[in-house]
Amino acid sequence: MELLHCPSAIPVRNCTPKFTNASKNCANLFGKRLNSVNLGSILVKILDKNAGRCSSGVVVNARSGDGGGLETGADTAIVVEKPPAKPSLFEVFDGYPLPFGATSRDGGVNFAVASGSATSATLCLIRLSDLPEKRVTEQIFLSPITNRTGDVWHVFLKGDFQDMLYGYRFDGKFSPQEGHYFDSSQILVDPYAKAVVSRGDYGALGLEDECWPPMACMVPSLTDKFDWEGDLPLKFPQRDLVIYEMHVRGFTRHESSGTEFPGTYLGVIEKLDYLKFDWEGDLPLKFPQRDLVIYEMHVRGFTRHESSGTEFPGTYLGVIGKLDYLKELGINCIELMPCHEFNELEYYSHNSILGDYKMNFWGYSTVNFFSPMTRYSSAGALNCGLGAIDEFKCLVKEAHKRGIEVIMDVVFNHSAEGNENGPILSFRGVDNSVFYMLAPKGEFYNYSGCGNTFNCNHPLVRQFILDCLRYWVTEMHVDGFRFDLASILTRSSSLWDAANVYGKSVEGDTLTTGSPLSSPPLIDMISNDPILRGVKLIAEAWDCGGLYQVGKFPHWGIWSEWNGKYRDTVRQFIKGTGGFAGAFAECLCGSPNLYQEGGRKPWNSINFVCAHDGFTLADLVTYNNKHNTANGEDNKDGENHNNSWNCGQEGEFASISVKKLRKRQMRNFFLCLMVSQGVPMIYMGDEYGHTKGGNNNTYCHDNYINYFRWDKKEESSSDFFRFCCLVTKFRHECESLGLNNFPTAERLQWHGHAPGLPDWSETSRFVAFTLTDSVKGELYVAFNASHLPVTIALPERPGYRWEPLVDAAKPAPFDFLSNDLPERETAIQQYAHFLDSNLYPMLSYSSVILLLSSDDSA
């Protein structure tokens with residue numbers, strides 16, 4: 001028998017199997033606060049030291065202070081009887097400090113988490129059925145002597161992990177001014193958890209209507225090592241067998257199995273993938289980046305609308321059902337808006353404007369970076385989150401089968417824990433001063449605009465980010481990443497010290513927290529990592545602290561950028577703003593003014609006109625001003641400078657002539673995107689003219705505003721979809737529209753209204769060029785952004801004549817004269833008198849592509 005002095009009463013709290021906000025003051029444990037009592041000591045009798053559990057009672061020797069309800073000067077003994085300890089469900093061993101997270105090995109599970117500032121750590125194990133009611137099944141106190149190596153707390157357990165989740169409690173200073181937020185009443189999500197479970201259904205509140213229901217982490221399956229689908233003959237030598245003893249009925253009989261035939265042979269068949277996910281030989285596609293056409297997609301929004309007709313709307317499986325649609329559009333890469341675990345209820349409040357509830361729809365507020373969003377899966381919380389992992393893998397695998405790469409939008413600039421008033425979910429409770437960028441008095445730097453800033457270039461944090469990215473590449477088979485507000489990844493960490501990073505001091509290095517670094521350690525590590533340097537790496541090269549790095553992001557020759565300057569310039573020119581002809585020509589060439597000098601290529605520019613934040617393409621030509629009233633912020637949120645033009649009337653209800661001009665402008669924008677050097681990116685729904693009613697900041701709407709409208713795409717008015725498909729196909733067919741190097745005069749010539757005479761003046765609103773192509777011969781492309789029509793003279797090509805392929809001014813289907821169009825020859829003949837004279841008429845606000853054909857009359 002041994003008495004353990006426990007001033008912080010951690011073992012006592014370990015005996016309390018529930019999620020309670022117990023005070024850090026030990027006296028609260030007795031149900032009555034002894035505010036004025038000087039607690040001399042708390043003695044806990046330990047019967048099972050290895051398990052770290054108390055059993056029969058707690059003795060408190062207390063001396064009264066200034067009238068706390070006890071007789072002055074008297075020693076008082078309080079005995080709190082405890083029931084006998086339940087037998088532990090697990091065998092407990094010291095464990096291993098690496099790898100971080102929960103790892104199945106040697107017939108058990110190893111748990112390891114780093115927290116250098118914590119004074120104690122407790123592993124909490126929670127059954128899936130107990131999670132909603134905040135009950136803890138068992139708590140394992142981690143000894144600072146045997147369960148700690150350096151700053152890493154670890155333990156190895158053997159036992160029954162069926163339907164078991166886990167989390168951690170940490171104790172230490174609660175001193176925000178010093179950057180510490182330790183609170184042992186909170187159960188925290190492991191930063192390295194591979195799945196986070198809170199509830200199965202999207203948008204469902206907790207049992208007590210909480211917007212932050214309890215969360216816990218998936219324990220990895222011990223059956224991962226059994227693979228009965230090996231590539232060896234079935235007659236294995238017996239010495240090679242690994243046997244899994246199974247009860248057929250017991251394996252799937254429980255309702256949580258989710259099988260169609262629980263407790264049967266068929267039930268077992270349904271769960272064979274549970275033993276190991278079958279990638280079916282899936283390998284990275286490794287398309288040259290210059291060949292990509294990227295489609296920015298929101299997983300839930302893509303199929304949530306009832307018109308999608310999918311069996312599992314709003315899920316990974318729902319997206320799988322629509323992959324063939326993307327192939328029809330010519331897409332070979334999808335960029336998924338955040339699919340890491342986040343809480344969609346974060347902004348939950350009644351929206352009196354629309355009569356529904358505001359949600360965190362976009363998902364740019366991560367809870368855990370290793371876990372796929374469980375409520376984007378049809379499985380939900382089944383199998384403690386394993387179903388969500390498998391469904392995400394299925395999406396990647398099926399996309400690869402169709403020749404579509406998968407890029408993830410990742411948000412390593414901040415987390416869902418917000419500022420000092422935010423919840424303690426994971427990183428803050430594990431080691432706040434490590435994971436977040438802090439000022440000297442503990443204040444949170446806010447370069448993200450979301451309350452906190454991830455301390456990306458801290459040694460532990462950058463290793464965490466590297467491990468996370470590797471996991472998604474090696475285990476989930478994703479093809480690359482788009483880094484949200486990536487400029488934050490280039491800022492110096494808290495307590496920056498060049499000697500600790502580079503091994504020596506840097507002359508003149510007087511950097512303070514958050515200063516931009518010319519060679520950020522995190523970007524350096526990612527760029528030179530043997531796994532990550534071979535995937536697509538795309539930076540959103542700005543942040544909310546004013547750091548704008550488009551064209552200047554540290555790149556190591558492999559990073560690409562969302563080209564925000566392309567978006568702004570193209571919008572200005574096509575709507576007819578003067579003074580942008582030269583800048584527009586740079587955009588058509590892949591922005592060499594931004595990328596050539598640094599040794600990068602055209603494909604380092606990700607070209608886009610619209611994205612999730614901002615106007616849709618249809619709204620870009622329908623609204624001069626944002627209309628964000630539905631967000632409930634008095635129209636104060638969202639960007640005020642959109643470079644949009646409503647074509648003469650504000651809103652959807654407009655004259656026929658205005659609507660025709662709007663369609664023409666949409667075709668101009670899309671054609672520009674597809675004939676520009678660089679990598680084009682389309683925003684989901686723009687291909688059929690999706691409108692958000694002029695709302696340019698729809699982060700909070702889980703409704704029709706953000707849902708892809710499959711019914712609208714099928715309407716006759718969606719002839720724009722045909723145009724987009726044909727133009728995208730044309731881009732893929734042309735060798736010259738995805739060059740590896742910037743075009744030179746040997747391949748490209750500029751023209752004005754007359755051949756070889758481009759007009760780069762401030763008043764010019766006309767840009768044209770010819771481009772030689774090994775497949776198509778030669779292209780003539782022109783943009784007339786003037787309010788006046790013009791007849792252009794075409795370059796002379798003896799023995800050939802120009803024929804129109806695309807004319808954005810024409811109504812469908814004559815906007816694209818495809819070979820299968822019955823009236824194609826008739827349409828061409830209508831312009832024969834112009835073409836015979838080597839001329840072509842262009843309406844105001846229009847664009848054209850002409851191709852050379854043999855002149856039979858020559």
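The figures that follow rest on heavy atoms only: side chains count, while hydrogens, waters and symmetry mates do not.
Summarising the geometry of Q549 relative to S487, their closest heavy-atom pair is OE1-OG, 2.7 Å, with the distance given to 0.1 Å. Closest approach of P554 to T490, counting heavy atoms only: CD-CG2, 4.0 Å. Looking at every heavy atom in both residues, G179 comes nearest to L438 through CA-CD1, 3.5 Å. In this structure, D409 and D484 approach most closely via the heavy-atom pair OD1-CB, 3.8 Å. N452 and H414 get closest at one heavy-atom pair: OD1-CB, 3.1 Å. A pairwise comparison of heavy atoms in L128 and A381 identifies CD2-O, 3.8 Å as the closest pair.
In this pair, F464 and F427 present their aromatic rings perpendicular. The plane angle is above 60°, beyond the 30 to 60° band. Ring-plane geometry between F156 and F93 is classed as tilted, the angle between the planes lying from 30 to 60 degrees on a 0 to 90 degree scale. Taking the six-membered ring for Trp and thresholds of 30 and 60 degrees, W542 and W562 have ring planes inclined between 30 and 60 degrees apart.
Proximity of a side-chain donor or acceptor of R428 to a complementary backbone N or O of G422 within less than 3.5 Å is detected. Of the possible donor and acceptor atoms, none in the side chain of H555 sits under 3.5 Å from a partner among the backbone N and O of S560. Of the possible donor and acceptor atoms, none in the side chain of T453 sits under 3.5 Å from a partner among the backbone N and O of M437. Between the side chain of S378 and the main chain of T315, no donor-acceptor pair closer than 3.5 Å is present. With E346 contributing its side chain and N360 its backbone, the two residues share no donor-acceptor pair below 3.5 Å. Between the D390 side chain and the F277 main chain, no donor and acceptor come within less than 3.5 Å of each other. Side-chain atoms of E417 come within 3.5 Å of backbone N or O of S426 as a donor-acceptor pair. Listed for the D479 side chain is a donor-acceptor partner under 3.5 Å among the backbone atoms of V406. No side-chain donor-acceptor contact under 3.5 Å links N455 to the backbone of H458. Side chain of R199 to backbone of G380: no donor-acceptor contact under 3.5 angstrom is found.
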- Message: Between L188 and I424, is the side chain to side chain contact (heavy atoms under 4.5 Å, CB included) condition met? List the steps.
- Response: CA-CA 7 Å; L188 307 174; I424 300 175; 3.7 Å; yes
- Candidate pair W559 and S527, rule side-chain hydrogen bond (donor to acceptor under 3.5 Å, both in side chains), full reasoning: CA-CA 8 Å; W559 284 74; S527 303; 2.8 Å; yes
- Query: Checking side chain to side chain contact (heavy atoms under 4.5 Å, CB included) for the pair F392/S377: CA distance, chi angles, key distance, verdict?
  - Reply: CA-CA 8 Å; F392 185 92; S377 71; over 6 Å; no
- Checking side chain to side chain contact (heavy atoms under 4.5 Å, CB included) for the pair N446/N419: CA distance, chi angles, key distance, verdict? CA-CA 8 Å; N446 189 21; N419 60 18; over 6 Å; no
- Passes salt bridge (charged side-chain N to carboxylate O under 4.0 Å, His left out), D151 versus R148? Steps please. CA-CA 7 Å; D151 290 342; R148 182 170 181 171; 3.6 Å; yes
- Message: side chain to side chain contact (heavy atoms under 4.5 Å, CB included) for I389 and E475? Distances and angles first, verdict last.
- Response: CA-CA 10 Å; I389 294 175; E475 294 296 323; over 6 Å; no
- Item | Steps toward salt bridge (charged side-chain N to carboxylate O under 4.0 Å, His left out) verdict (K536, E335) | CA-CA 11 Å; K536 277 72 176 180; E335 182 179 297; over 6 Å; no
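Partner of H612 under the ring-ring contact (aromatic ring centres under 6.0 Å, His included) criterion, out of Y699, W362, F361: W362 alone. For the ring-ring contact (aromatic ring centres under 6.0 Å, His included) with F369, the qualifying choice from F454, W472, F342, Y471 is F454, the only one to do so.
Geometrically, R105 engages Y96 in a cation-pi contact, judged by NZ or CZ lying under 6.0 Å from the ring centre and within 45° of the ring axis. In this structure, K173 forms no cation-pi arrangement with F182, as its terminal cationic atom is not both closer than 6.0 Å to the ring centre and no more than 45° off the ring axis.
Residues M525 and L469 form no side-chain contact, since every pair of their non-hydrogen atoms from C-beta on lies 4.5 Å or further apart. The side-chain heavy atoms of C217 and Y168, taken from C-beta on, include no pair separated by under 4.5 Å. Considering only heavy atoms from C-beta on, H340 stays 4.5 Å or farther from V411 through its side chain. V434 has its side chain within reach of V461: a pair of non-hydrogen atoms, C-beta onward, lies under 4.5 Å apart. Residues L485 and Y364 fail the side-chain proximity criterion, which asks for heavy atoms closer than 4.5 Å. Side-chain contact between L89 and R127 is present, with at least one heavy-atom pair separated by less than 4.5 Å. At a threshold of 4.5 Å between non-hydrogen side-chain atoms, the residues Y202 and M359 count as touching. Put simply, the side chain of V136 does not reach to within 4.5 Å of the side chain of D130, judged on heavy atoms.
Of the inter-residue distances, the one linking I334 atom CD1 with I407 atom CD1 reads 9.5 Å to the nearest 0.5 angstrom. Summarising the geometry, atom NZ belonging to K393 is positioned 11.0 Å from atom CG belonging to D278; distances are rounded to the nearest 0.5 Å. Atom CG of residue L425 and atom OG of residue S198 lie 10.5 Å apart, to the nearest 0.5 angstrom. Note that the CG atom of N110 and the CG atom of L157 stand 8.5 Å from one another [nearest 0.5 Å]. Separation of atoms CG (L125) and CG (D160) is listed at 11.0 Å; rounding is to 0.5 Å. Distance OH/Y316 to SG/C394: 12.0 Å, rounded to 0.5 Å.
Pairs of residues two or more places apart, or lying in two chains, that qualify as salt bridge (Lys or Arg N to Asp or Glu O under 4.0 Å) and include a residue from residues 368-388 are E341-R375, E344-R375. The ring pair (Phe, Tyr, Trp, His ring centres under 6.0 Å) pairs that include a residue from residues 97-129 are F100-Y192, F111-Y166, where partners are two or more places apart or lie in different chains.
Residues F483 and F553 keep their aromatic ring centres 6.0 Å or farther apart.
A salt bridge links R300 with D702: at least one charged nitrogen is closer than 4.0 Å to a carboxylate oxygen.
D201 CG: 12 or fewer foreign heavy atoms inside a 6.0 Å radius.
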